[in-house]
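Along the sequence shown, residues carry numbers from 1. Predicted model, so just to flag it, every value in this text is computed and none were measured.
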Amino acid sequence: MDHSTRITRRALCGGMAAAGLLAGLVPGLPVSRAAAQSYPQRNFRVIIPTGQGGGAERLARAFDDAWSKLLNQQFEYTFHPGAAGQIGYELFVKQREADGYNLLFGNMGPEMIMYAVQKPDYRFPEDFVYFSRTDIDDSCIFVRNDSPYKDLKSVVEAAKKNPVNVAVSRIPHPASIGMLALGEATGSTYNLIPYGGGNPTYVAVMNGEADVGALPITGVLSLSSQFRVLGVFNRENIFAGITDNAPTVNGAFGTSIPDLYSSRAWAVHSSWADANPEDFALLERTSREAHASDAFRDAFVKTGSPVESLKYGDRQVCTEYALAMLDLAKRYEPVLSAQR
């Protein structure tokens with residue numbers, strides 16, 4: 001063996017050792033595990049498919065107060081409202097790199113209804129996967145505090161005589177489906193007026209532009225000095241103590257309307273999650289830990305929203321919920337499509 005060959009082999013062995021050290025290799029530790037330890041190395045970019053300053057942003061920022069500390073990286077947000085969320089989803093799926101650093105923070109209920117009704121050309125769960133649910137936000141019917149409508153029955157009785165204007169954030173939404181189902185079950189009529197987000201919907205009800213509002217309940221409760229909750233679209237009103245025992249819609253009218261709630265969740269590209277199982281597992285584990293942390297709950301309380309709505313769900317829970325919303329949307333698709 002000549003000198004050059006010995007140097008080459010020594011250099012090769014040294015290089016392998018250095019590479020092993022850099023990768024965190026130790027006996028018994030799989031190479032893939034070592035690679036996973038290098039993730040993440042830069043900030044995350046998050047698409048929110050609704051407007052800035054709404055409930056989604058408040059919840060996401062409260063969550064990343066805890067999550068960013070576990071990942072040692074920060075979160076940067078951009079907001080892309082429009083077409084009931086389709087614009088944000090199209091941007092995420094088609095123009096954001098599937099690298100584990102691009103995330104989406106979506107509202108699974110209304111956005112899966114949008115997916116069913118508007119039929120965009122991306123696919124769930126083939127193109128993206130929800131993996132960490134943050135909350136369950138029941139849909140409710142509410143009015144301003146000085147409204148002549150004192151309870152659910154007074155709204156329905158009025159809507160049997162003339163259509164009642166109802167402010168909603170968007171037509172493809174669980175709360176909108178609830179109003180349509182209520183009308184169908186009681187023979188009452190509602191004009192659904194989409195205002196393009198929670199904040200403008202609140203304003204429409206406050207200034208009397210709309211008689212009634214239908215939205216997720218946590219945002220309404222954060223403005224309890226302005227609004228009264230008349231009823232909820234769920235089997236149980238978990239906020240009975242702070243809504244003056246507002247009844248469930250099914251309890252008030254003997255109907256069988258399914259539970260209708262929003263549920264926000266973090267999502268990532270499916271192709272990246274499938275190709276990088278250990279990095280994806282890191283996101284799943286740390287998001288679960290962030291959800292259970294006092295830091296998240298303390299930050300959420302500061303938004304004025306009730307912590308009772310915070311309910312963690314993993315990838316399986318998210319997928320089952322999203323597919324159930326697809327089925328519900330298909331049930332009401334003719335009505336939802338006709339009123340767009």
May I have all residue pairs that pass side-chain hydrogen bond (donor to acceptor under 3.5 Å, both in side chains) and include part of residues 48-59, sequence neighbours excluded? Glu57-Arg61
Could you tell me whether the side chains of [X] and [Y] share a donor-acceptor contact shorter than 3.5 Å?
{"X": "Ser287", "Y": "Trp266", "value": "no"}
{"X": "Ser309", "Y": "Asp137", "value": "no"}
{"X": "Asn102", "Y": "Asp99", "value": "yes"}
{"X": "Asn43", "Y": "Glu76", "value": "yes"}
{"X": "Tyr101", "Y": "Gln73", "value": "no"}
{"X": "Tyr77", "Y": "Asp64", "value": "yes"}

Report all side-chain donor-acceptor pairs from residues 86-97 shorter than 3.5 Å, counting only partners two or more places apart or in another chain.
residue: Gln86; atom: OE1; partner: Gln118; partner atom: NE2; Å: 2.7
residue: Gln86; atom: NE2; partner: Glu90; partner atom: OE2; Å: 2.9
residue: Tyr89; atom: OH; partner: Glu111; partner atom: OE1; Å: 2.6
residue: Tyr89; atom: OH; partner: Tyr130; partner atom: OH; Å: 2.7
residue: Glu90; atom: OE1; partner: Lys94; partner atom: NZ; Å: 2.6
residue: Lys94; atom: NZ; partner: Asp121; partner atom: OD1; Å: 2.4
residue: Lys94; atom: NZ; partner: Asp121; partner atom: OD2; Å: 3.1

Path from Val166 to Val249 over hydrophobic side-chain contacts below 4.5 Å: yes
Under 3.5 Å, which donor-acceptor pairs do the side chains of residues 292-299 form with other protein atoms, sequence neighbours left out?
residue: Ser293; atom: OG; partner: Ala290; partner atom: O; Å: 2.7
residue: Ser293; atom: OG; partner: Phe296; partner atom: N; Å: 3.2

Under 4.0 Å between a side-chain nitrogen and a carboxylate oxygen: does that hold for Glu157 and Lys161? no
Closer than 4.0 angstrom, basic N to acidic O: yes or no for Arg144 and Asp146? yes
Measuring only between side-chain heavy atoms, which start at C-beta, is Val164 closer than 4.5 Å to Asn191? no
Is any side-chain heavy atom of Pro216 closer than 4.5 Å to one of Tyr261? no
Between Phe63 and His291, what is the ring plane arrangement, given parallel below 30°, perpendicular above 60°, and tilted in between? tilted
Tell me which donor-acceptor pairs under 3.5 Å the side chains of residues 224-231 have, and how far apart each pair is, sequence neighbours excluded?
residue: Arg228; atom: NE; partner: Asn145; partner atom: O; Å: 3.4
residue: Arg228; atom: NH2; partner: Ser147; partner atom: O; Å: 3.3
residue: Arg228; atom: NH2; partner: Tyr149; partner atom: O; Å: 2.9

If you look only at pairs with a residue in residues 155-175, which of them pass as a ring pair (Phe, Tyr, Trp, His ring centres under 6.0 Å), with sequence neighbours excluded? none
Test item: Asp135 side-chain N/O and Arg264 main-chain N/O as donor-acceptor pair under 3.5 Å: yes
Pair up each side-chain donor or acceptor in residues 196-205 with any protein partner under 3.5 Å, not counting sequence neighbours, and list the distances.
residue: Asn199; atom: ND2; partner: Gly53; partner atom: O; Å: 3.2
residue: Thr201; atom: OG1; partner: Val168; partner atom: O; Å: 3.4
residue: Thr201; atom: OG1; partner: Gly197; partner atom: O; Å: 2.6

Taking all non-hydrogen atoms of both residues into account, name the closest pair between Phe128 and Ala267 and its distance. CD1-CB, 4.4 Å
